[in-house]
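The sequence lines fix the lettering, A, B, ..., with proteins before strands; numbering per chain opens at 1. This is a predicted model, so every value here is computed, not measured.
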Protein chains: 2
Amino acid sequence: MSRPPSYDRETALEKAVGLFWHKGYHGSSMKQVEQALDMRPGSIYAAFGSKDELFSEALARYTKEAGEDLASHMAGYASVIEGLQSFLQKIARDCSASEQAPARACMIVKTLLEANNTHGALYAQANSVLSAIEDAFTALLEKAQRQGELTPRTDCRRLARLLQGQLMGLRSMAERNLSATELEQLGQDMSAVLERYRAEN
Amino acid sequence: MSRPPSYDRETALEKAVGLFWHKGYHGSSMKQVEQALDMRPGSIYAAFGSKDELFSEALARYTKEAGEDLASHMAGYASVIEGLQSFLQKIARDCSASEQAPARACMIVKTLLEANNTHGALYAQANSVLSAIEDAFTALLEKAQRQGELTPRTDCRRLARLLQGQLMGLRSMAERNLSATELEQLGQDMSAVLERYRAEN
DNA sequence: TTCTTTTTATGGCGGCCACTCAAAAAAAAC
DNA sequence: GTTTTTTTTGAGTGGCCGCCATAAAAAGAA
């Protein structure tokens, strides 16, 4: 009936994730968005509505991918704690690898820090996404506890927040000019923190 | 011989710290700067040169204050490790207190994440400041080691980076909508991490 | 071909951006 | 009071901001 779009919406969104993750919300102009998506203003606004909505969709997509990444990683481990430990180390390794990802720090954290006091809607979105991640970590840790990997007295939600805090710190540190070795050491040291909560046995 | 300035440069700089810490570099317009400093454009540019230079001076001042804060806190403790632990908890407490500081996250980290890939000079400044802080932590930990508080085999610089990473994570988490209790628990959990490195005795 | 529908390219909207400058105002020196 | 020197003022700079209207172009459906 009609002319089909020449762009692929998903591909475009992926490119938007790249730009926004790299430069942040305020740091990315619509001119740069046009360039990154290889789309003209009309098409962009028809497809996504506004810069805000595009960013919001990009953040949601980033979140989804990050969640899938965690899930697929954990699927390879019978021990939850070992899985989480190697996840931290994997992050450190990925971050210290030669530049391929748009940024090393987490896009959600970047948004949280940038949008607070500046852009309420995005701040709220980052906030709720982080709550969801806290929930996911909590569920994982409760499973570990059921499997006898964690001390029965461990407060899993509290430990989940510690884990999340460590992850934020690790990926923020990755934006510094550290060597690969130093970053991987940091990943190891953070993963070692979990040892403290392990069940005796 | 001449008319003296009606503003106090130090006071103005202090106000600039407040605004930039609160809203970030891209999030603060010169209009807002004028309002915050209660100065007109001409005076601002005469006194500070440019938005960039003003931000840079503000970041330097923030850094200096943060350093003094750490030093004065540590002065109250004979045990370095105890001092650092209570410092983490103090940060958690301060961050969870009713809004008084312009932001909860660290201004240096906010700048690091915002300015990377966007504003090279500011990124470099944040980076070097963080190196200096790493050095300061290293020196403190080496002192602790000399005092027999840390295992002789502890790599102090490496532990300093872990400490810095924790701090970054803690203060980033503080930007989330957590309760005071939850944040203080996080501060405690992070300070507990240092236990692992304590000397047996 | 003709009709629809949607994407393109383009030019430009009002507004805010960081920044400048000339003139007015203010305070010390004499 | 006059001069000298500096600060303050605020309108104004060009330029980019996010966004939109228009119209030409493109591609299926009939």
Side-chain angles (χ1 to χ4, degrees), chain A residues 1-59 111 114-115 117-123 125, chain B residues 1-59 111 114-115 117-123 125:
Chain A
M1 210 206 293
S2 73
R3 172 182 180 181
S6 68
Y7 57 86
D8 176 33
R9 199 174 189 282
E10 290 304 299
T11 307
L13 198 49
E14 203 60 52
K15 289 174 180 167
V17 170
L19 176 64
F20 283 137
W21 186 9
H22 191 57
K23 301 221 175 198
Y25 178 82
H26 295 293
S28 308
S29 71
M30 284 309 292
K31 194 79 82 181
Q32 293 171 311
V33 171
E34 291 169 30
Q35 208 168 320
L37 309 202
D38 191 26
M39 287 169 70
R40 261 37 64 194
S43 309
I44 296 175
Y45 284 93
F48 299 104
S50 68
K51 183 185 180 183
D52 282 25
E53 292 171 83
L54 176 56
F55 188 96
S56 172
E57 276 201 56
L59 183 58
T111 304
E114 183 184 358
N117 319 311
T118 289
H119 205 303
L122 291 182
Y123 170 72
Q125 184 179 350
Chain B
M1 206 203 297
S2 76
R3 174 183 178 181
S6 70
Y7 60 85
D8 176 34
R9 198 174 191 281
E10 289 303 298
T11 308
L13 198 49
E14 204 61 53
K15 289 175 180 166
V17 170
L19 176 64
F20 284 136
W21 186 9
H22 191 56
K23 302 221 176 198
Y25 178 82
H26 295 294
S28 307
S29 71
M30 285 308 292
K31 195 79 83 180
Q32 293 172 312
V33 171
E34 292 169 29
Q35 208 168 322
L37 309 203
D38 191 26
M39 287 170 70
R40 259 41 61 194
S43 307
I44 295 175
Y45 283 91
F48 299 104
S50 67
K51 184 185 179 183
D52 282 24
E53 291 172 83
L54 176 56
F55 188 95
S56 173
E57 277 202 53
L59 183 58
T111 303
E114 183 185 356
N117 317 312
T118 288
H119 204 303
L122 292 182
Y123 169 72
Q125 184 178 350

Here the distance between atom P of dT8(D) and atom CZ of Phe48(B), to the nearest Å, is 11 Å
Which atom pair, heavy atoms only, marks the closest approach of Leu122(A) to Ala115(A)? CB-CB, 3.8 Å
Does a side-chain N or O from Ser29(B) land closer than 4.0 Å to OP1 or OP2 of dC16(C), or not? no
Send over the distance from Glu34(B) CD to dT9(D) C1', rounded to a whole Å. 11 Å
Are there any protein N/O atoms within less than 3.5 Å of an N/O atom in nucleotides 10-15 of chain D, and if so, which ones and at what distance?
| from | atom 1 | to | atom 2 | distance (Å) |
| --- | --- | --- | --- | --- |
| dG10(D) | O6 | Gly42(B) | N | 3.4 |

May I have the distance from Asp52(A) (atom CG) to dC17(D) (atom P), rounded to whole angstrom? 16 Å
Residues in side chain to side chain donor-acceptor pair (under 3.5 Å) contact with Glu14(A), at least two apart in sequence or another chain: Arg61(A)
Indicate whether OP1 or OP2 belonging to dC19(D) is found under 4.0 Å from a side-chain N or O atom of Tyr45(A). yes
Can you measure Lys31(A) atom NZ to dG12(C) atom C1' for me and round it to whole angstrom units? 11 Å
Which distance, rounded to the nearest 0.5 Å, do you find between the NE2 of His22(B) and the CD of Gln32(B)? 9.0 Å
Kindly give the heavy-atom pair with the smallest separation between Leu54(A) and Val33(A), and that separation in Å. CD2-CG1, 3.7 Å
Reported NE2-to-CZ distance for the pair His26(B) and Phe55(B), which is rounded to 0.5 angstrom: 9.0 Å
First of Gln32(A) and Ile44(B) reached from the 5' end of DNA chain D, by closest nucleotide: Ile44(B)
Think Lys51(B) forms a cation-pi with Tyr25(B), using NZ or CZ under 6.0 Å from the six-ring centre and within 45 degrees of its axis? yes
Let me know the distance between NE2 of His119(B) and P of dA18(C), rounded to the nearest Å. 11 Å
Do you know which two heavy atoms are closest between Ser56(A) and Gln125(A), and how far apart they sit? OG-OE1, 2.9 Å
Quickly work out the Leu37(B) CG to dC19(C) P distance and round it to whole Å. 14 Å
Send over the distance from Phe20(B) CZ to dA18(C) C1', rounded to a whole Å. 11 Å
Let me know the distance between CG of Leu54(B) and C1' of dC17(C), rounded to the nearest Å. 16 Å
